[in-house]
Amino acid sequence: MNKKLKTEAVDSLFDAILSLETRDECYSFFEDLCTVNELLSLSQRFEVAAMLKERKTYLEIAEKTGASTATISRVNRSLNYGNDGYDLVFNRMKR
């Protein structure tokens with residue numbers, strides 16, 4: 001975990017997210033919290049990560065998601081050298 005990221009404010013945000021119970025609650029909260037572009041960027045990165053896990057090529061991913069190669073590369077770096085957060089979520093979503 002990035003020590004610069006661990007703050008009371010971030011802890012409070014994560015506690016708020018963990019309190020959400022339904023997809024509709026998520027929509028309400030994240031629409032208030034984020035701009036449309038921020039939310040679309042987050043969802044795009046998540047989709048890129050899923051496609052990278054499926055071993056799709058950068059070209060296939062860029063064509064389907066509209067993500068730049070820089071974004072795809074950044075997500076790929078997180079998958080390979082990050083804190084395994086994507087893997088944690090993907091594994092839980094399979095259940």
Side-chain angles (χ1 to χ4, degrees):
M1 176 186 355
N2 186 333
K3 293 177 184 174
K4 292 179 183 176
L5 184 63
K6 179 105 174 93
T7 66
E8 281 187 43
V10 174
D11 283 350
S12 182
L13 172 63
F14 290 163
D15 289 343
I17 292 168
L18 288 168
S19 77
L20 300 170
E21 295 179 3
T22 66
R23 184 175 288 145
D24 283 341
E25 288 180 355
C26 288
Y27 270 101
S28 293
F29 180 71
F30 281 96
E31 283 182 45
D32 285 348
L33 180 68
C34 302
T35 66
V36 170
N37 286 337
E38 289 169 336
L39 199 47
L40 292 175
S41 291
L42 291 171
S43 64
Q44 181 188 63
R45 283 185 225 135
F46 191 70
E47 185 177 18
V48 166
M51 293 181 75
L52 285 166
K53 293 293 282 181
E54 295 170 356
R55 305 233 185 260
K56 302 291 184 192
T57 67
Y58 277 34
L59 181 59
E60 290 172 308
I61 296 168
E63 286 177 351
K64 181 167 190 291
T65 67
S68 68
T69 55
T71 295
I72 298 167
S73 181
R74 183 172 51 242
V75 172
N76 193 43
R77 191 169 42 254
S78 292
L79 284 170
N80 291 318
Y81 305 107
N83 293 312
D84 299 323
Y86 282 117
D87 288 333
L88 175 71
V89 170
F90 291 141
N91 287 332
R92 287 190 180 165
M93 290 177 73
K94 288 180 187 174
R95 297 181 194 167

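Being a predicted model, the structure only gives us computed values, none of them experimental. Nothing fancy with the numbering, it's 1 onward along the sequence.
Nearest heavy-atom pair, Thr35 versus Glu38, reported as atom, atom and distance to 0.1 Å: N-OE1, 2.8 Å. Of all heavy-atom pairs spanning Leu5 and Val10, the tightest one is O-CG2, 3.2 Å. Of all the heavy atoms in Leu39 and Cys34, the pair that sits closest is N-CB, 4.2 Å. Nearest heavy-atom pair, Lys64 versus Met51, reported as atom, atom and distance to 0.1 Å: CD-CE, 3.8 Å. Val48 and Ala67 make their closest contact through CG2-CB, 3.8 Å (heavy atoms, listed as atom of the first residue, atom of the second, distance). The minimum heavy-atom distance between Thr69 and Tyr58, with the atom names listed, is O-CE2, 4.2 Å.
For Glu54, the CD atom sits in a packed shell: over 12 heavy atoms of surrounding residues, nucleotides or ligands are nearer than 6.0 Å. By the neighbour-count criterion of 12 heavy atoms within 6.0 Å, atom OH of Tyr27 is sparsely surrounded, having that number or fewer from other residues, nucleotides or ligands.
Within the 4.5 Å cutoff, the side chain of Lys53 has heavy atoms near those of the Asp87 side chain.
Connection of Ile61 to Leu79 is established within a shared hydrophobic cluster, with ILVMFWY side chains joined at heavy-atom distances below 4.5 Å, either directly or through further cluster members.
Side-chain N or O atoms of Glu25 include one that pairs as donor or acceptor with a backbone N or O of Glu21 at under 3.5 Å. For the pair Ser41 (side chain) and Asn37 (backbone), a donor-acceptor distance under 3.5 Å is present.
Phe14 CZ to Lys6 NZ: the interatomic distance, rounded to the nearest 0.5 Å, is 9.0 Å. The CZ atom of Phe29 lies 5.5 Å from the CD1 atom of Ile17; values are rounded to the nearest 0.5 Å. Going from atom CG of Asn76 over to atom OH of Tyr81 covers 8.5 Å, rounded to the nearest 0.5 Å. In this structure, Leu42 CG and Gln44 CD are separated by 10.0 Å, a value rounded to the nearest 0.5 Å. Between the OG1 atom of Thr65 and the CD1 atom of Ile72 there is a distance of 5.5 Å, given to the nearest 0.5 Å.
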Practice item. Report the C-alpha distance between Leu13 and Leu33 in whole Å, list the side-chain angles of each, state the deciding distance to 0.1 Å, and finish with yes or no for side chain to side chain contact (heavy atoms under 4.5 Å, CB included). Key: CA-CA 10 Å; Leu13 172 63; Leu33 180 68; 3.8 Å; yes
Point to revise | Worked verdict on Leu52 versus Tyr86 for side chain to side chain contact (heavy atoms under 4.5 Å, CB included) | key: CA-CA 11 Å; Leu52 285 166; Tyr86 282 117; over 6 Å; no
